[in-house]
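In what follows, chains carry the letters A, B, and so on, assigned in the order in which the sequence lines appear, proteins first and then strands, with residues in each chain numbered from 1.
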Amino acid sequence: MKFLEYQVKERFRAAGIPVPDGRLARTPDEAALAAGALGPIAVKAQVPIGGRGKAGGIKLARTAADAKRVAGEILGMTIKGYTVKEVWCETAQDITRELYLGLTLDRDARKPVLILSAKGGMEIEEVAETHPEAIAKLHPDPWRGPLPFEVRDLIFRSGLGPLQVQLTPLVVKLYALARTYDALTIEINPLALTQDGGLVAADGKLEIDENAMFRHKDLHGADESDEDPLEAEARRRKLTYVRLDGSIGVIGNGAGLVMNTLDLVQREGGRAANFLDVGGGAKAEVVHSALELLAGDPHVKGILINIFGGITRGDEVAHGIIDASRDLNLKPPLVVRMTGTREEEGRQLLREAGITPEATATGAARKIVELASATGQ
Amino acid sequence: MSILLSKASRVLVQGLTGREGSFHAEQMKAYGTNIVAGVSPGKGGSSQMGIPIFDTVVDARRETGADVSGIFVPAPFAADAIMEAAAAGVGLIVCITEGIPLYDMVRARAFVADAGVKLIGPNCPGLVTAGQAKVGIIPNHINREGSVGIVSRSGTLTYEVIQGLSQAGVGQTTSVGIGGDPILGLSFKEVLRLFKGDPATRAVVMIGEIGGSDEEAAADEVISPGFGKPVIGFISGRTAPPGKRMGHAGAIISGNTGTAASKLKALTQAGAQVCDTIEEVVAAAAAAVGQPSSAMPR
């Protein structure tokens with residue numbers, strides 16, 4: 001789950017990380033009111049994706065009239081597929097230097113890593129390439145968290161020693177926030193050094209581990225339904241789905257197998273319309289639901305189902321396929337490849353329903369690419 | 001010989017009385033695995049399928065001498081189950097559970113490392129030593145005894161390879177699914193080192209996928225310095241777009257890292273034979289252990 005800037009800053013403020021004063025506005029008039037109360041402000045589009053500034057989604061306003069005008073320009077604009085419905089109006093900062101402080105997962109170390117950079121305001125990956133010496137990292141012990149002396153060491157290594165008194169508590173607080181919210185990523189970027197010598201979180205990012213959502217049932221993040229209606233629908237159906245740009249709908253069980261099926265479709269000259277993993281132990285209803293989702297995608301010109309049963313049982317999958325083909329009156333051609341647990345029962349059910357199962361994944365991919373291109377003409 | 005698991009292994013199942021746990025414990029037993037105990041807190045003293053159930057892993061170990069644990073408990077409790085097994089001194093822990101929160105897993109992994117025991121998974125199909133024993137969910141009927149070792153991040157794709165090999169008359173020593181999560185117990189490197197030291201394993205099939213750099217690390221640190229046996233490599237997700245999580249929590253290309261191209265290159269440079277399809281993997285493995293690839297079905 002991702003959060004909008006103002007939602008992140010609310011959490012920063014509650015955790016004692018300084019943020020600029022600000023107000024949320026849904027209309028140009030509300031933005032004008034905010035400027036009236038706060039003085040010169042930055043008007044910032046609230047969308048759950050980076051690159052807002054370059055897209056024209058962040059503008060300065062000196063007066064209430066300015067604020068009304070720029071908010072009118074930003075509200076309703078589309079940034080990378082997201083319509084701007086809200087702007088965050090916050091006191092313009094007199095920034096003398098931009099730093100970076102964040103936490104993410106270091107897969108190679110098998111631990112989260114705190115990253116502090118003497119250069120901020122751009123993507124940390126970019127800093128890592130252009131100014132690697134500005135970056136210092138700390139892998140806190142996952143049981144006790146970062147200790148003050150480790151944090152001081154991090155700060156000195158990044159060349160920010162003169163700021164260690166202000167920075168140390170910020171690092172500790174950010175780590176605590178990450179733990180509280182099961183953050184996959186949490187960032188203060190830029191962490192701004194202001195004219196008066198203070199540090200303030202000028203922008204923030206937070207993404208929570210979906211696997212930990214059972215601990216955060218009360219949280220509401222950014223509305224991501226804009227990104228892709230099919231992906232949003234798949235989420236409602238609890239299906240693991242990724243939209244791709246081809247025309248062959250792919251359903252399989254197991255991430256590796258589905259990825260390989262996409263690769264096979266491309267090898268046979270087609271392109272997959274999606275990644276859809278029904279997961280381990282899929283019941284007939286799940287397969288039915290998956291087929292219903294793809295039936296609603298106008299880009300899909302053929303459907304390939306590739307099942308290798310482990311936990312998943314062939315007869316269950318076959319029932320789902322047969323029921324869905326009947327209920328949905330499926331238009332695109334369908335090719336099924338099934339093997340593994342209860343494969344004979346599953347294949348028999350499919351044959352009885354007039355669906356011929358293919359023997360190999362490669363053969364099934366070839367067949368669906370042929371059928372889809374035949375109907376596409 | 002084999003690695004990690006054999007007929008002599010004394011296996012306990014955490015979560016044996018649950019839906020998945022009981023189904024798969026039965027399958028494991030049917031395969032010949034010596035299941036000596038189940039653990040379900042609150043159900044100690046009962047039994048299922050003739051297997052005694054204990055409240056805690058410590059009890060189960062004391063009473064039965066179990067040295068391997070298979071974990072089928074739900075995600076919110078799985079990290080605790082891993083640590084319970086590690087604390088009780090179980091030498092090999094196999095966690096099948098998918099969807100364990102990241103921070104729970106980071107802590108559990110550190111705990112397991114401190115305890116000096118081995119963890120396979122989570123979010124994995126487990127492992128099988130052909131003809132001897134199985135812990136996890138790999139289908140029984142596809143395995144065949146032989147001399148090819150398999151290590152893979154994927155579940156179902158592992159089954160594909162095992163079945164393909166078996167149908168071509170090429171058997172396996174041990175097949176290990178290490179799991180699709182970003183935080184794992186044993187990695188490719190460690191499992192490859194075990195295969196290297198196993199005289200019964202004459203060739204190894206390694207099935208990787210996009211995300212992270214464990215394949216590159218295995219290629220550079222274990223295969224390249226002289227593995228002494230043929231390694232057949234395969235990477236899924238060649239056509240996956242960057243920035244999208246492809247089902248597995250760990251299967252994501254971030255920036256320039258985790259691409260299939262980088263992994264394929266590292267494996268090729270290390271001297272592994274890289275294949276494009278599972279059929280090619282099967283043929284290459286058959287050839288590596290001296291079986292005619294023509295025995296392979298289309």
Side-chain angles (χ1 to χ4, degrees), chain A residues 105 107-108 110-112 123 125 141-143 178-179 182-184 209-215 240-246 252-267 271-272 275-277 279-281 306-312 339-341 343 359-363, chain B residues 20 23-24 75-76 98-104 106-107 109-111 125 137-139 141-142 152-160 163 180 182-184 207 209-214 217 234 236-241 244-251 254-256 260 276-279 297-298:
Chain A
L105 175 68
R107 290 177 64 153
D108 293 336
R110 263 77 168 152
K111 281 176 183 170
E123 296 279 324
E125 292 82 4
D141 179 278
W143 287 94
R179 286 302 323 247
D182 283 288
L184 284 182
D209 180 5
E210 298 287 344
N211 287 345
M213 286 314 295
F214 66 88
R215 289 200 277 252
T240 307
Y241 173 92
V242 179
R243 162 97 83 148
L244 302 168
D245 56 9
N253 67 322
L257 178 136
V258 181
M259 272 190 275
N260 182 46
T261 311
L262 309 181
D263 295 350
L264 286 174
V265 165
Q266 184 144 330
R267 212 179 128 82
R271 286 185 65 82
F275 170 103
L276 202 171
D277 177 9
N306 187 7
I307 298 291
F308 199 119
I311 286 185
T312 312
T339 184
T341 306
E343 61 183 31
T360 68
T362 308
Chain B
E20 299 300 344
F23 175 79
H24 290 291
E98 176 176 6
I100 302 179
L102 175 74
Y103 285 90
D104 293 6
V106 164
R107 284 189 161 186
R109 194 186 184 280
F111 191 99
I137 63 176
I138 296 173
H141 71 277
I142 59 176
S152 169
R153 269 168 76 190
S154 159
T156 39
L157 216 48
T158 312
Y159 313 159
E160 292 262 15
Q163 175 172 283
I183 305 287
L184 293 175
I207 309 287
E209 64 189 27
I210 54 163
S213 55
D214 284 358
F234 179 85
S236 65
R238 294 168 186 229
T239 57
K244 295 274 189 182
R245 220 172 279 284
M246 303 302 277
H248 278 160
S254 336
N256 294 328
D276 278 351
T277 65
I278 296 296
E279 286 91 341
R298 255 290 310 155

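Of the residues considered (Ala217(B), Ser152(B), Pro76(B), Ala240(B)), Pro76(B) shows the highest number of contacts with chain A, using heavy-atom pairs under 4.5 Å. For the set Asn260(A), Asn211(A), Ile307(A), Thr339(A), the count of heavy-atom pairs under 4.5 angstrom toward chain B peaks at Asn211(A). Of the listed residues (Arg245(B), Arg153(B), His24(B)), the greatest number of heavy-atom pairs within a distance under 4.5 Å of chain A belongs to His24(B). When the candidates Phe23(B), Phe111(B), Tyr159(B) are compared by the number of heavy-atom contacts under 4.5 Å with chain A, Tyr159(B) comes out ahead. When each of Pro142(A), Pro112(A), Gly254(A) is checked for heavy-atom pairs under 4.5 Å with chain B, Pro142(A) comes out on top. Most heavy-atom pairs under 4.5 Å with chain B: of the set Gly279(A), Ala183(A), Gly340(A), Ala272(A), this distinction falls to Ala183(A). Most heavy-atom pairs under 4.5 Å with chain B: of the set Leu264(A), Thr240(A), Val265(A), Val242(A), this distinction falls to Val242(A). Among Asp277(A), Leu105(A), Thr261(A), the residue with the largest count of heavy-atom pairs under 4.5 Å with chain B is Leu105(A). In terms of heavy-atom pairs under 4.5 angstrom with chain B, the leader among Arg271(A), Arg179(A), Arg267(A), Glu125(A) is Arg179(A). Between chain A and the residues Gly237(B), Gly155(B), Ser154(B), the most heavy-atom pairs under 4.5 angstrom are made by Gly237(B). Contact count against chain A (heavy-atom pairs under 4.5 Å) is highest for Pro101(B) among Pro101(B), Pro139(B), Pro125(B), Gly247(B).
When all heavy atoms of Gly250(B) and Pro182(B) are compared, the closest pair comes out as N-CD, 3.7 Å. Annotation for Thr156(B) and Leu257(A): closest pair OG1-CB, 3.0 Å, computed over non-hydrogen atoms. Nearest approach of Asp108(A) to Ser213(B), heavy atoms of both residues: OD1-OG, 2.7 Å. Phe275(A) and Ala255(A) get closest at one heavy-atom pair: CE1-O, 3.8 Å.
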**Message:** Is there a salt bridge (Lys or Arg N to Asp or Glu O under 4.0 Å) between Arg215(A) and Asp104(B)? Walk through the geometry before answering.
**Reply:** CA-CA 12 Å; Arg215(A) 289 200 277 252; Asp104(B) 293 6; 3.0 Å; yes
**Asked** Can you check salt bridge (Lys or Arg N to Asp or Glu O under 4.0 Å) on Arg107(B) and Asp141(A), steps first, answer last?
**Response** CA-CA 9 Å; Arg107(B) 284 189 161 186; Asp141(A) 179 278; over 6 Å; no
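Side-chain contact between Tyr103(B) and Asp209(A): absent, with no pair of heavy atoms (C-beta onward) separated by less than 4.5 Å. You'll find the side chain of Leu262(A) reaches within 4.5 Å of the side chain of Met246(B), heavy atoms only. Counting only heavy atoms from C-beta outward, the side chains of Glu160(B) and Ile207(B) never approach each other to under 4.5 Å.
Residue Asn306(A) touches chain B through its side chain alone, counting heavy-atom pairs closer than 4.5 Å. Interface residue Arg238(B): backbone and side-chain heavy atoms are both found under 4.5 Å from chain A. Contacts of Ile142(B) with chain A are made by side-chain atoms alone, with heavy-atom separations under 4.5 Å and no backbone atom involved. If you measure heavy-atom distances from Leu276(A) to chain B, you find no contacts under 4.5 Å at all. Contacts of Thr277(B) with chain A are made by side-chain atoms alone, with heavy-atom separations under 4.5 Å and no backbone atom involved. Heavy atoms closer than 4.5 Å to chain A are found nowhere in Glu98(B), neither backbone nor side chain. Heavy atoms closer than 4.5 Å to chain B are found in both the backbone and the side chain of Asp182(A).
His248(B) pairs by the ring pair (Phe, Tyr, Trp, His ring centres under 6.0 Å) definition with nothing, not counting sequence neighbours.
The main-chain N or O of Lys111(A) is never found under 3.5 Å from a side-chain atom of Arg109(B) such that the two would form a donor-acceptor pair.
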